[in-house]
Amino acid sequence: MTSYYPARAVVDLGAIRDNVGSLLRTASPSAGSGAQVLAVVKADGYGHGLVPAARAALAGGATWLGTAQLGEALALRAAGISSRILTWLYAPGAPLADLLRADVDVAVSASWALDAVLAAAQETGRTARIHLKVDTGLGRNGIMPEELGTVLASAVAAQSDGLVEVVGIWSHLALADDPAHPTVLAQAAVFDDAVRRAEQAGAHLEVRHLANSAATLTNPRLHYDLVRPGLAVYGLTPVPDLGSAADYGLVPAMTLEARLATVKEVPEGSGVSYGHQYTTTERTTLGVVPLGYGDGVPRHASGDLPRRPGGPVRVGSGASARTLAVAGRVCMDQVVVDLGPDAAEQAGDTVVLFGPGTDGGPTAQDWADAAETISYEIVTRLGTRVPREYVGDVDLPEARQGGPAV
Ligand SMILES: *Cc1c(COP(=O)(O)O)cnc(C)c1O
């Protein structure tokens, strides 16, 4: 295939499918018991592509999809996906009627949001399925427990009028990546109380949900009826200190690779890239990799030896493969690697910035470490100009697209 772009992100849809299968087995150890999986596909499927990621996740057994933005939920419907979808982040004036017409479940995180959903239900003549989001201690979006009584009373009254169905109570954890932290169980206790109050008020809850990837992987007590993994769907772990992705049965789905644009010899003492943060210590060969911060490669992962190495780049293949660090500053469109004095590489050779890591090559987690950030940011901020190529066709029978009929 002709490409004008000398780099690409190869996304393995089979890996996404299998990661979801693995998460489903974690959440639901014996068939029919335990939790369903809602695959979070916000932010363009964490950079992997919204619709392909969603289809792969459904093929792996997810029965729900989740998006932060309303437009992402509508884009899934426009692509013909008919599974349950929950969407949760919007401001006053958002076109909620469009969501109801598209049969999307909507989160309610404030009393104004309930009013907005009721107005949309009246406008469309549809019954809105709502999930009340409780702030159990994250200190972000959600109804404070003190306000929950009022919102519940209005929601249950609207339920009697046929405007809404309160199908879910949900919340989000602040320190799920630190499973033993006391806030985790404290939030769970507030959550249990909110569930009890909702049921007492007359809600017929279909799903109670609290667990993100970290809680799904580390804490069965928090699985309830539905788990909401995002990062783990893409084969990355939110708890790298507790084990590798492979330890959790996950395979990173994205490989970021580029073809060397220039390979050239330079003398000892040559300054490399803006600011000359790297200087060659011998006559050597430099390779120019056509990816930079304009593509989402973090400038914070620049190499500044001897203070610290830059992000990793795998060059060569087979027995001659080796992992080098970015030499000097990450530029907008390119980075440089020092291939060493005896380099066999040539312009046009493929190098890998990150991938599944199964061959000992670098991972998105390694880039996160080099840039002092989290792997979420490495994949999600990959620039839109980098072409995504999909491998590992997933089989998505019609029946699988739908999930349970509503
Ligand atoms: C992003 C998000 C998730 C998924 O989080 P991960 O850590 O990627 O698993 C789950 N729930 C909510 C509300 C989110 O915003």
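For clarity, every value in this text was computed on a predicted model and none was experimentally measured.
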Undergrad: If you count the non-hydrogen atoms of other residues, nucleotides and ligands that lie under 6.0 Å from OH in Tyr274, is the total more than 12?
TA: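 For Tyr274, atom OH is not crowded (no more than 12 foreign heavy atoms under 6.0 Å).
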Undergrad: Between Tyr224 and Phe191, what is the ring plane arrangement, given parallel below 30°, perpendicular above 60°, and tilted in between?
TA: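 Tyr224 vs Phe191 ring planes: perpendicular.
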Undergrad: Step by step, would you call Leu76 with Val41 a side-chain contact (heavy atoms from CB on, under 4.5 Å)?
TA: CA-CA 10 Å; Leu76 292 169; Val41 294; 4.0 Å; yes
Undergrad: With sequence neighbours excluded, give me every salt bridge (charged side-chain N to carboxylate O under 4.0 Å, His left out) pair touching residues 215-234.
TA: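 Matches after skipping sequence neighbours: Asp192-Arg221, Arg208-Asp225.
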Undergrad: Do any pairs count as a salt bridge (charged side-chain N to carboxylate O under 4.0 Å, His left out) and have a residue in residues 171-184, sequence neighbours left out, and if so which ones?
TA: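 Matches after skipping sequence neighbours: none remain.
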Undergrad: Hey, does the side chain of Arg329 reach the backbone of Val272 with a donor-acceptor pair shorter than 3.5 angstrom?
TA: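 No, because the side chain of Arg329 does not come within donor-acceptor range (under 3.5 Å) of the backbone of Val272.
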Undergrad: State, to 0.1 Å, how close Ser273 and Ala327 come at their nearest heavy-atom pair, and which atoms those are.
TA: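 Looking at all heavy atoms of both residues, the closest pair is CB-O, 4.5 Å.
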Undergrad: Could you state the interatomic distance from OG1 (Thr255) to CG (Leu353), rounded to the nearest 0.5 Å?
TA: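 The CG atom of Leu353 is 11.0 Å from OG1 of Thr255, to the nearest 0.5 Å.
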Undergrad: Atom CG of Leu114 and atom OG of Ser111: how far apart are they, to the nearest 0.5 Å?
TA: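 Leu114 CG to Ser111 OG: 7.5 Å, rounded to 0.5 Å.
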Undergrad: Can Arg129 and Asp103 be said to form a salt bridge (Lys or Arg N to Asp or Glu O under 4.0 Å), step by step?
TA: CA-CA 8 Å; Arg129 288 189 306 274; Asp103 203 30; 3.1 Å; yes
Undergrad: If the test is side-chain contact (heavy atoms from CB on, under 4.5 Å), which one of Ile378, Asn19, Leu231, Leu250 qualifies with Leu236?
TA: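 Going through the options one by one, the only one that passes is Leu231.
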Undergrad: Quick check: does any side chain N or O of Arg259 sit under 3.5 Å from a backbone N or O of Pro6, one acting as donor and the other as acceptor?
TA: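 Side chain of Arg259 to backbone of Pro6, a donor-acceptor pair under 3.5 Å: no, none is there.
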Undergrad: Could you tell me whether the side chain of Asp44 and the main chain of Tyr46 form a donor-acceptor pair under 3.5 Å?
TA: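 Checked: no pair found.
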Undergrad: When rounded to the nearest 0.5 angstrom, what is the spacing between CG in Leu138 and CG in Leu173?
TA: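 Here the interatomic distance stands at 8.0 Å.
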Undergrad: Keeping to residues at least two apart or across chains, list the side-chain hydrogen bond (donor to acceptor under 3.5 Å, both in side chains) pairs with something in residues 360-372.
TA: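 Only His300-Glu372, Thr363-Asp366, Gln365-Asp369 qualify under side-chain hydrogen bond (donor to acceptor under 3.5 Å, both in side chains).
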Undergrad: Taking only residues two or more places apart in sequence or in another chain, which ones pass ring-ring contact (aromatic ring centres under 6.0 Å, His included) with His48?
TA: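 With sequence neighbours excluded, His48 shows a ring-ring contact (aromatic ring centres under 6.0 Å, His included) to Tyr234, given in chain and number order.
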Undergrad: Please collect all side-chain hydrogen bond (donor to acceptor under 3.5 Å, both in side chains) contacts where either partner lies in residues 136-146, sequence neighbours excluded, each pair once.
TA: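 Qualifying pairs, neighbours excluded: Thr136-Ser171, Thr136-Gln187.
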Undergrad: So does Thr67 get a backbone contact from the side chain of Thr87, meaning a donor-acceptor N/O pair under 3.5 Å?
TA: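 Yes: the side chain of Thr87 pairs with the backbone of Thr67.
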Undergrad: Of all the heavy-atom pairs spanning Leu13 and Val394, show the shortest one and how long it is.
TA: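 In this case the closest contact between Leu13 and Val394 is O-CG1, 3.5 Å.
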Undergrad: Does Gln159 reach the main-chain N or O of Gly202 with its side chain, forming a donor-acceptor pair under 3.5 Å?
TA: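 Yes.
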Undergrad: Quick one: does any side-chain atom of Thr280 pair with a main-chain N or O of Gly269 as donor and acceptor, under 3.5 Å?
TA: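 Confirmed, Thr280 side chain pairs with Gly269 backbone.
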Undergrad: Can you tell me how far CG of Leu148 sits from CD1 of Ile143, rounded to the nearest 0.5 angstrom?
TA: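 The CG atom of Leu148 is 6.0 Å from CD1 of Ile143, to the nearest 0.5 Å.
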Undergrad: Who are the side chain to side chain donor-acceptor pair (under 3.5 Å) partners of Arg283, not counting sequence neighbours?
TA: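 If we apply the side chain to side chain donor-acceptor pair (under 3.5 Å) test to Arg283, skipping adjacent residues, the hits are Glu265.
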Undergrad: List the atom pairs, with distances to 0.1 Å, where a side-chain N or O of residues 311-322 and a protein N or O form a donor-acceptor pair under 3.5 Å, not counting sequence neighbours.
TA:
unit_1, atom_1, unit_2, atom_2, d
Arg314, NH1, Thr323, OG1, 3.0
Arg314, NH2, Asp359, O, 2.9
Ser320, OG, Ser317, O, 3.0
Arg322, NH1, Glu345, OE2, 2.9
Arg322, NH2, Leu339, O, 2.7
Arg322, NH2, Glu345, OE1, 3.2

Undergrad: Leu286 and Val263: side-chain contact (heavy atoms from CB on, under 4.5 Å), yes or no, with the steps?
TA: CA-CA 6 Å; Leu286 299 179; Val263 173; over 6 Å; no
Undergrad: Between His209 and His223, do the side chains contain an N or O donor and an N or O acceptor separated by less than 3.5 Å?
TA: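 The answer is no; no qualifying pair exists.
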Undergrad: What's the shortest heavy-atom distance between Pro290 and Ala7, and which atoms?
TA: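 For Pro290 versus Ala7, the nearest heavy atoms are O-CB, 4.3 Å.
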Undergrad: My understanding is that only residues two or more places apart in sequence, or in another chain, count here; which of them pass ring-ring contact (aromatic ring centres under 6.0 Å, His included) with Tyr90?
TA: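 Tyr90 satisfies ring-ring contact (aromatic ring centres under 6.0 Å, His included) with Trp112 once adjacent residues are dropped.
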Undergrad: Just by distance, do the side chain of Ser28 and the backbone of Arg25 share a donor-acceptor pair under 3.5 Å?
TA: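 The answer is no, because no donor-acceptor pair under 3.5 Å joins these two groups.
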Undergrad: Would you say the side chain of Asp338 lies within less than 4.5 Å of the side chain of Leu324, judging by non-hydrogen atoms?
TA: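 Counting from C-beta outward, Leu324 and Asp338 never come under 4.5 Å.
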Undergrad: Does the side chain of Pro179 reach to within under 4.5 Å of the side chain of Leu242, using non-hydrogen atoms?
TA: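 Side-chain contact under 4.5 Å: yes.
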Undergrad: Measure from the side-chain N and O atoms of Asp135 to the backbone N and O of Gly137, and report whether any donor-acceptor pair falls under 3.5 Å.
TA: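 A pair under 3.5 Å: yes.
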Undergrad: Run the salt-bridge test on Arg8 and Glu389 with the 4.0 Å N-O cut-off and return the result as yes or no.
TA: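 Salt bridge: yes.
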Undergrad: Rounded at 0.5 Å granularity, tell me how far CG in Leu163 sits from CG in Leu118.
TA: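 Going from CG on Leu163 over to CG on Leu118, the span is 6.0 Å.
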Undergrad: Hydrogens and angles aside, do His172 and Asn212 bring a side-chain donor and acceptor to less than 3.5 Å of each other?
TA: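 Asn212 and His172 do not have a side-chain donor-acceptor pair below 3.5 Å.
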Undergrad: Once side-chain contact (heavy atoms from CB on, under 4.5 Å) is applied, do any residues pair with Asp12, and if so which ones, sequence neighbours excluded?
TA: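 Residues passing side-chain contact (heavy atoms from CB on, under 4.5 Å) with Asp12: Ala15, Val391.
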Undergrad: More than 12 non-hydrogen atoms from neighbouring residues, nucleotides or ligands closer than 6.0 Å to CZ on Arg381, yes or no?
TA: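 No, CZ of Arg381 has 12 or fewer neighbouring heavy atoms, counting only those of other groups under 6.0 Å.
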Undergrad: What heavy-atom pair brings Gly310 and Ala325 nearest, and what distance separates the two atoms?
TA: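 For Gly310 and Ala325, the tightest heavy-atom pair comes out as O-CB, 3.5 Å.
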Undergrad: According to side chain to side chain donor-acceptor pair (under 3.5 Å), who are the partners of Ser302, at least two apart in sequence or on a separate chain?
TA: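 In terms of side chain to side chain donor-acceptor pair (under 3.5 Å), with neighbours along the sequence ignored, Ser302 is linked to no residue.
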Undergrad: I'd like to check the side chain to side chain donor-acceptor pair (under 3.5 Å) partners of Asp333; sequence neighbours left out, ordered by chain and number.
TA: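 Checked Asp333 against side chain to side chain donor-acceptor pair (under 3.5 Å); matches are Arg385.
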Undergrad: Backbone N or O of Gly21 within a donor-acceptor pair of the Arg17 side chain at under 3.5 Å?
TA: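 It does not hold such a pair.
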Undergrad: Between Ser213 (side chain only) and Gly230 (backbone N and O only), is there a donor and an acceptor less than 3.5 Å apart?
TA: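 Yes.
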Undergrad: For Arg77 versus Ala102, what's the shortest heavy-atom pair and its separation?
TA: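 That closest heavy-atom pairing would be NE-O, 2.6 Å.
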Undergrad: How would you list, by chain and number, every residue that makes a side chain to side chain donor-acceptor pair (under 3.5 Å) with Gln69, sequence neighbours excluded?
TA: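 Per chain and number, Gln69 pairs via side chain to side chain donor-acceptor pair (under 3.5 Å) with no residue.
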Undergrad: Just how far is it from atom CG of Leu99 to atom CZ of Arg126, taken to the nearest 0.5 Å?
TA: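 Interatomic distance, Leu99 CG to Arg126 CZ, rounded to 0.5 Å: 11.5 Å.
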Undergrad: Please report the closest heavy-atom contact between Leu210 and Ala188, naming both atoms and the distance.
TA: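 So the minimum-distance heavy-atom pair works out to CD2-CA, 4.2 Å.
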Undergrad: Could you go through the side-chain contact (heavy atoms from CB on, under 4.5 Å) check for Leu100 and Val106 one step at a time?
TA: CA-CA 8 Å; Leu100 300 192; Val106 178; 4.2 Å; yes
Undergrad: Under a 4.0 Å N-O cut-off, is there an ion pair linking Glu72 with Lys42?
TA: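 No, Glu72 and Lys42 are not salt-bridged.
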Undergrad: I would like to know whether Thr237 and Asp247 meet side-chain contact (heavy atoms from CB on, under 4.5 Å); could you show each step before the answer?
TA: CA-CA 10 Å; Thr237 170; Asp247 292 337; over 6 Å; no
